[in-house]
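What follows is a short report on a single structure.
Keep in mind the model is a prediction, meaning the values are calculated, not measured. Letters A, B, ... mirror the listed sequences (proteins, then strands); counts begin at 1.
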There are 2 protein chains.
Amino acid sequence: MTTTNRLSSPLTAPVNWQMIRADVLERIQSGKWQPGDGVPKEADLAAHYGCTRSTVGRALRDLAQAGFLERRRRGGTIVAANPVRKAPLEVPILGDAIRKAGHAHDFRVIRAETGPAQQDEASALAIAAGARVFRYDALHLADGKPFQFESRVLNLLAAPEILQADLTQMPIDEWLLRNRPLERVTIEISAIAAPQAAALHLAIAPDTPVLLVRRISWARQKSIGLLHLYHQPDHRIRTGF
Amino acid sequence: MTTTNRLSSPLTAPVNWQMIRADVLERIQSGKWQPGDGVPKEADLAAHYGCTRSTVGRALRDLAQAGFLERRRRGGTIVAANPVRKAPLEVPILGDAIRKAGHAHDFRVIRAETGPAQQDEASALAIAAGARVFRYDALHLADGKPFQFESRVLNLLAAPEILQADLTQMPIDEWLLRNRPLERVTIEISAIAAPQAAALHLAIAPDTPVLLVRRISWARQKSIGLLHLYHQPDHRIRTGF
DNA sequence: TAGTGGTCTAGACCACAAA
DNA sequence: TTGTGGTCTAGACCACTAG
């Protein structure tokens, strides 16, 4: 089943790594090289393309990173058996998503207060239940119309200075970017019936299906905050490759 | 506002590109190098780390690809002003997602027939309205329980052989992988009230909010198919970095 | 243990865009 | 115009692992 592919006559045209990448990719996507098949070793490909092994390596490394190839020392390179493609999902600053779409961005702070963490919040943030957290709700507008409702719970142990920031001027997202750059984030996307607060601010009927993006961020081994983003019913998260 | 960062004393410890990457990233994430600031040029960094420019370049290229740096010829390298981080969203073979989660995968073909393309389908696939398409609906089960409902419209102009395939044995996803490897895909994620067919097969109440993943795939300049994936109400798409 | 990919060096030329 | 990153070469040694 798994064969080892061979090459035809050597090419002598001038090449760069992107051309090699394209050529190998074409062989995979056209089916000439099937999933599971072996790919010639770097030295052979270098001879075929008339370049050094470094250049071939750059091309193959890129294809492996994209999920098309699997490489192992000593074991050689094969066409990925289960090509798990990855679509890059952009995680922008909140206002940027709106501006990028060509709309004017504005926001209104709806709540900004401290209080004790509830059970589920505490476990999400890996802090003690009842620990002091900062609750921040805001509505983001695109061209003056409600676009997304933001509800955050920030871990005050990790970012106490947030209480001194003027959040009516700077969106909390930008404050966090400057003061607590994201190191690690977990994202969950789900569909839920709009809860009352979100429905109210988004000006939609309660229980309308909406996209919920739930994000937990970490920096320096500590949880920074828990973010819930509720979108308009017609909102779509777009990605692809 | 935008300063040009300098380096302290040269390091002489042995380094590889990943250590340089980590060191530069630490300077960014700790706030020592602020968004918009200039990063020393490759040659200076090479001197600082005691390695060649190639090695430094590898590290910086990787950080740029990850969204932390912006690089321009002649213009130099700066810390990204709006760090747009990218969370990789995996696009697996349908059954794989279930198996990967540790469940047994099974599927039932619900519909497999040809017919004319409707207006919206035709425009999504960039074919003529009324062109012959192949409709395929299937239910995917995890440990015997309904997990996701798949509804496809395939462009028969791009993949006529699908009519000869035995789709009761091989999931259509695997057939497509082998015969029409994905070149380009657009993905849209939204929240909708479950349509009747999906609700029926997922065994949920109609109009329950569910996640809809809509995927249009292309190969060799032609649209291959349009996929609608309806998930259980509690389903979450997970990603992060 | 031997063969493959992973990495680094020291140097060179080129492409692009800022000054 | 000129300084920066982008790329390539020819060679070397190392790390991992399949046989």
**OP:** Give the dot-bracket string for DNA chain D, reading 5' to 3', where a pair is Watson-Crick or G-U wobble with both distances under 3.5 Å, ( ) marks pairs inside the strand, [ ] marks pairs crossing earlier ones, | marks a partner on another strand, and . marks unpaired.
**Re:** ||||||||||||||||||.

Original post:
Can B:Arg215 and B:Glu150 be counted as an ion pair, charged N to O under 4.0 angstrom?
Top reply: no

Subject >> B:Leu63 CG to D:dG6 P, straight-line distance once rounded to whole Å >> reply: 12 Å

**OP:** Quick one: label A:Gln18 by what it contacts on the DNA or RNA (base, sugar-phosphate, nothing), any heavy atom closer than 4.0 Å.
**Re:** sugar-phosphate

**OP:** Identify, between B:Val39 and A:Trp17, the residue whose nearest nucleotide on DNA chain D lies closer to the 5' end.
**Re:** B:Val39

Original post:
Which of these nucleotides, C:dT9, D:dG5, C:dG5, is closest to any side-chain atom of B:Thr77?
Top reply: D:dG5

Original post:
Does a side-chain N-to-carboxylate-O contact under 4.0 Å join B:Arg152 and B:Asp173?
Top reply: yes

Original post:
Hey, would you say the B:Phe149 and B:His140 ring centroids sit under 6.0 Å apart?
Top reply: no

Subject >> Presence of salt bridge, B:Asp62 and B:Arg58, under 4.0 angstrom >> reply: no

Original post:
Of the nucleotides D:dC8, D:dT9, C:dT4, which one has an atom closest to the side chain of A:Thr52?
Top reply: D:dT9

Original post:
Residues two or more places apart in sequence or in another chain: which of them pass side-chain contact (heavy atoms from CB on, under 4.5 Å) with A:Gln221?
Top reply: none

**OP:** Calculate, to the nearest 0.5 Å, the distance between atoms CG and CG belonging to B:Leu69 and B:Leu63 respectively.
**Re:** 5.0 Å

**OP:** Apply side chain to side chain donor-acceptor pair (under 3.5 Å) to A:Arg184 and list each qualifying residue two or more places apart in sequence or on a separate chain.
**Re:** none

Atom pairs under 3.5 Å, N or O on each side, protein against nucleotides 15-19 of chain C: can you list them with distances?
unit_1	atom_1	unit_2	atom_2	d
C:dA15	O4'	B:Arg73	NH1	3.0
C:dA15	O3'	B:Arg73	NH1	3.3
C:dA18	OP1	B:Arg72	NH1	3.4

Subject >> Nucleotide nearest A:Arg71 (side chain, heavy atoms from C-beta), chosen from D:dT7, C:dG6, C:dT7 >> reply: C:dG6

**OP:** For the side chain of A:Cys51, starting at C-beta, report the closest nucleotide among D:dT9, C:dT9, D:dG6.
**Re:** D:dT9

Original post:
Under 4.0 Å between a side-chain N or O of B:Arg61 and OP1 or OP2 of D:dG5?
Top reply: no

**OP:** Fit a plane to each ring of A:His105 and A:Phe107, take the angle between them on a 0 to 90° scale, and name the class: parallel (under 30°), tilted (30 to 60°) or perpendicular (over 60°).
**Re:** parallel

Original post:
Any side-chain hydrogen bond (donor to acceptor under 3.5 Å, both in side chains) pairs touching residues 84-98 of chain A, not counting sequence neighbours?
Top reply: A:Glu90-A:Lys100, A:Asp96-A:Arg99, A:Asp96-B:Asn82

Can you pull every protein N or O that's under 3.5 Å from an N or O on nucleotides 11-13 of chain D?
unit_1	atom_1	unit_2	atom_2	d
D:dA12	N6	A:Arg53	NH2	3.2

